[in-house]
A.B. asks: 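Take this structure, written in structure tokens, and hold onto it; I'll ask about it next.
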Amino acid sequence: MQKYRVADLGKYVGQEVELKGWLYNKRDIGKVRFILVRDGSGIVQGVMVKNNLPEEVWDKFDDLTLETSLIVRGTVREEKRAPGGYELDVTDIEIFQIADGYPITKKSHGVEFLMDHRHLWLRSKKQWAIMRIRDEIQSAIMDFLREQGFVRIDAPILTSSAAEGTTTLFEVDYHGDKAYLSQSGQLYMEAAAMAHGKVYCFGPAFRAEKSKTRRHLLEFWMVEPEMAWVTFEENLEIQENMVSYIVERVLKNRRNELEILERPIEPLEKVKPPFPRVTYDEAIEMLKKSGDPELEKIEWGEDFGAPHETYISNKFDKPVFITHFPTKMKAFYMQPDPNRPEVVLAADLLAPEGYGEIIGGSERIYDYDLLKQRIQEWGLPEEDYQWYLDLRKYGTVPHSGFGLGLERTVAWIAKLPHIRETIPFPRMLHRMVP
RNA sequence: UCCGGGGUAGCUCAAUCGGCAGAGCAGCGGACUGUUAAUCCGUUGGUUGAGGGUUCGAGUCCCUCCCCCGGAGCCA
């Protein structure tokens, strides 16, 4: 293992250190040569001066190619001109393996080429920054929920039927039976919430729709908290607190990565509770008055498309909740508004800057008879939902939960044009390799 | 699945009306003591996605197929 890391070089000014890593770039201007070395924690520039180096060390520069693995020794020096503030006066280079013909060069590449080389693209500076922001968001989510008393409960990936009966699922052979890759762990979390009070699952979800947009993956990660004795309003408060905490953590711990991505931080600094709430009815009214003939076509009872969401969210500089959707539009398990049964106690959270829905949540039906009726109305196979109905039979309580899409959250916070760069190895309609 | 755009050197792209397939970068050789995608000089590199057709002649026109990108629907 390496003792010294590029990220910690500030601690070793004036000292000799040994870095183990890869050649990121090199430049040669004659009797002075520069090597950029990355070690996973960061990138540092090493300086080689011909008059100060033994010839055999000086000559090793000629063999270095992009992504050659090496061990570099040198003295750390503070340097204002260097990104990061430190440089290494190289004293020795030990080549581990010369990388011959590294495909990703310093010039521009197209998406297809980069995606074909995703296993190597991950080494690039921006991709490195994105993965570290993703990691910070995941950690922030887990820390927040743990702090709030949630227990992490893992949901199964292989399931016997659709959770919501709406979306297309990936079918797998289950020793002769049909099984499906999970599209949501929610129903299982409802069971677990009756055991632990507050629970969440955090894992992959699968949707087999042939989606081909910048907001969709076939395999994505979702965190799904579920809480007993929590009603609609309290559910929204937890969501806005969690999202605000996530943003705060990224601003605190991943400032450098945001800079690498040239992500403006002012919009993120505004993300503090409470978030604005707009009812579905109000949203329809806003669209009707938008002045855009396409948007004005929408009628009550229709779902929003991406342009509708963008229009609404652009009216606010924070994430915005859209609440009280028509019952017919939403999943079978959502609790109707007691005052208006034609709408449900559900809310979507739209991220700012046109990033669309990052959370979908609701209060769940706790009444046995109503839930049974809904299962029938939605035409779902009742026998598959017996265990789910049991939860309403043995000590039912009001409960609520939500699902937050990790990749969409990363895309928004990192301000990326496409969701495919937010996950290490994206699974898309025409992409399963690498 | 539908609509639109595209496939030319390792990469990113150009090629006028159908008339000798080009440039930048990468690679290779050389110059340069502070470079930040370094710069400068020289140089190698082609089954134009596949198949068929029209033509004296096709990267270019026609037909079939394959692949990619963007958008729609679905949703996180």
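The structure displayed is predicted, hence computed values, not measured ones. Letters A, B, ... are given to chains in the order of the sequence lines, protein chains preceding strands, and every chain is numbered from 1. Just so you know, these numbers use all the heavy atoms, side chains as well, and skip hydrogens, waters and symmetry mates.
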A.B. asks: Of all the nucleotides listed (B:rC32, B:rC74, B:rA76), which has the minimum atom distance to the side chain of A:Glu209?
C.D. replies: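 The nucleotide sitting nearest to the side chain is B:rC74.
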A.B. asks: For RNA chain B, find the residues of residues 302-313 of chain A with a heavy-atom distance under 4.0 Å and give them by number; none if there aren't any.
C.D. replies: A:Asp303, A:Gly305, A:Ala306
A.B. asks: Do any N or O atoms of the protein come closer than 3.5 Å to N or O atoms of nucleotides 8-13 of chain B, and which pairs are they?
C.D. replies:
| from | atom 1 | to | atom 2 | distance (Å) |
| --- | --- | --- | --- | --- |
| B:rC11 | O2' | A:Ser108 | O | 3.0 |
| B:rC11 | O2' | A:His109 | ND1 | 2.7 |
| B:rU12 | OP1 | A:Gly110 | N | 2.9 |

A.B. asks: To the nearest Å, give me how far apart CZ (A:Phe325) and C1' (B:rC75) are.
C.D. replies: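 Interatomic distance, CZ of A:Phe325 to C1' of B:rC75: 12 Å.
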A.B. asks: Any side-chain N or O of A:Arg420 less than 4.0 Å from the OP1 or OP2 oxygen of B:rG70?
C.D. replies: yes
A.B. asks: Under 4.0 Å: is that the gap between some side-chain N or O of A:Asn25 and OP1 or OP2 of B:rA38?
C.D. replies: yes
A.B. asks: So what does A:Lys50 touch, heavy atoms closer than 4.0 Å: a base, only the sugar-phosphate, or nothing?
C.D. replies: nothing
A.B. asks: Does a side-chain N or O of A:His418 approach OP1 or OP2 of B:rG70 to a distance below 4.0 Å, or not?
C.D. replies: yes
A.B. asks: Could you tell me which non-hydrogen atom of A:Val6 sits nearest to which non-hydrogen atom of A:Gly42, and how far apart they are?
C.D. replies: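 Closest heavy-atom pair between A:Val6 and A:Gly42: CG1-C, 3.5 Å.
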A.B. asks: In whole angstroms, how far is the P atom of B:rA72 from the NZ atom of A:Lys297?
C.D. replies: 15 Å
A.B. asks: Does A:Lys26 count as lying over the ring of A:Phe61, i.e. NZ or CZ under 6.0 Å from the six-ring centre, within 45 degrees of the axis?
C.D. replies: yes
A.B. asks: Taking only side-chain nitrogens and oxygens of A:Arg27, does any of them come within less than 4.0 Å of OP1 or OP2 of B:rA38?
C.D. replies: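 It does, given that an N or O in the side chain of A:Arg27 lies less than 4.0 Å from OP1 or OP2 of B:rA38.
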A.B. asks: With a 4.0 Å cut-off on heavy atoms, is A:Gln45 in touch with a base, just the backbone sugar-phosphate, or nothing at all?
C.D. replies: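 Contact class for A:Gln45: base.
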A.B. asks: Rounded to whole angstrom, note down the P distance from B:rC17 over to B:rG29.
C.D. replies: 43 Å
A.B. asks: Say we look at B:rG49 and B:rU44: how far apart would their C1' atoms be, to the nearest angstrom?
C.D. replies: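 After rounding to an integer number of Å, I get 25 Å for this pair.
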A.B. asks: Base, sugar-phosphate or nothing for A:Glu87? Non-hydrogen atoms, less than 4.0 Å.
C.D. replies: base
A.B. asks: Could you tell me whether A:Lys318 sits above the aromatic face of A:Phe275, with NZ or CZ closer than 6.0 angstrom to the six-membered ring centre and within 45 degrees of the axis?
C.D. replies: no
A.B. asks: Nearest to the side chain of A:Thr213 - B:rA72, B:rU35, B:rU33?
C.D. replies: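 Within the option list, the nearest is B:rA72.
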A.B. asks: Between P on B:rU36 and CD1 on A:Ile43, what's the gap in Å once rounded to a whole number?
C.D. replies: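 Rounding to the nearest Å, CD1 of A:Ile43 and P of B:rU36 are 16 Å apart.
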A.B. asks: For the pair made of CD1 in A:Ile35 and C1' in B:rA38, what is the distance, rounded to whole Å?
C.D. replies: 16 Å
A.B. asks: Output the residues of residues 356-364 of chain A in contact with RNA chain B, where contact means a heavy atom of the residue under 4.0 Å from an atom of the strand; sort by number or write none.
C.D. replies: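 Within this stretch, A:Glu357, A:Ile358, A:Ile359, A:Gly360 sit under 4.0 Å of the strand.
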A.B. asks: Check nucleotides 46-49 of chain B for protein N or O atoms closer than 3.5 Å to its own N or O atoms and list the pairs.
C.D. replies:
none

A.B. asks: Write down the distance separating the P atoms in B:rU64 and B:rC3, rounded off to the nearest Å.
C.D. replies: 14 Å
A.B. asks: State which of B:rU33, B:rC32, B:rC75 makes the closest approach to the side chain of A:Asp28.
C.D. replies: B:rC32
A.B. asks: Using 0.5 Å steps for rounding, measure from the OG1 atom of A:Thr75 to the CZ atom of A:Arg73.
C.D. replies: 12.0 Å
A.B. asks: Applying side-chain contact (heavy atoms from CB on, under 4.5 Å) to A:Arg118 and A:Phe425, what does each step give before you reach the verdict?
C.D. replies: CA-CA 7 Å; A:Arg118 183 61 172 167; A:Phe425 297 96; 4.0 Å; yes
A.B. asks: Given the structure, check if the side chain of A:Arg33 and the base of B:rC32 hold any donor-acceptor pair shorter than 3.5 Å.
C.D. replies: no
A.B. asks: Walk me through whether A:Thr231 and A:Glu234 qualify under side chain to side chain donor-acceptor pair (under 3.5 Å).
C.D. replies: CA-CA 6 Å; A:Thr231 56; A:Glu234 298 168 300; 3.0 Å; yes
A.B. asks: Between B:rA76, B:rG34, B:rU33, which one does the side chain of A:Asn51 approach most closely?
C.D. replies: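 Within the option list, the nearest is B:rU33.
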A.B. asks: Can you tell me how far C1' of B:rG70 sits from CE of A:Met428, to the nearest Å?
C.D. replies: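 Taking CE of A:Met428 and C1' of B:rG70, I get 13 Å after rounding.
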A.B. asks: A:His196: what forms a side-chain contact (heavy atoms from CB on, under 4.5 Å) with it, not counting sequence neighbours?
C.D. replies: A:Val151, A:Ile153, A:Val199
A.B. asks: Say you pick atom P in B:rU43 and the same atom in B:rU47; how far apart are they, in whole Å?
C.D. replies: 22 Å
A.B. asks: With rounding to the closest Å, how many angstrom separate the C1' atoms on B:rC67 and B:rA50?
C.D. replies: 10 Å
A.B. asks: Taking CD1 from A:Ile419 and P from B:rC69, how many angstroms apart are they, rounded to a whole number?
C.D. replies: 15 Å
A.B. asks: Between B:rU39 and B:rG4, how far apart are the two C1' atoms, rounded to whole Å?
C.D. replies: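 Comparing C1' positions in B:rU39 and B:rG4 gives a spacing of 42 Å.
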A.B. asks: So what is the 5' to 3' dot-bracket string for RNA chain B, if pairs are Watson-Crick or G-U wobble with both distances under 3.5 Å, crossing pairs use [ ] and | means the partner sits on another strand?
C.D. replies: (((((((..((((.....[..)))).(((((.......))))).....(((((..]....))))))))))))....
A.B. asks: To the nearest angstrom, how far is A:Phe34 atom CZ from B:rA38 atom C1'?
C.D. replies: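 Whole-Å distance recorded here is 9 Å.
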A.B. asks: Do A:Phe202 and A:Ile141 have side-chain heavy atoms sitting under 4.5 Å apart?
C.D. replies: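 Sidechains of A:Ile141 and A:Phe202: in contact.
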A.B. asks: Which whole-number value in Å describes the distance from A:Leu429 CG to B:rC2 C1'?
C.D. replies: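 After rounding, the reported distance stands at 13 Å.
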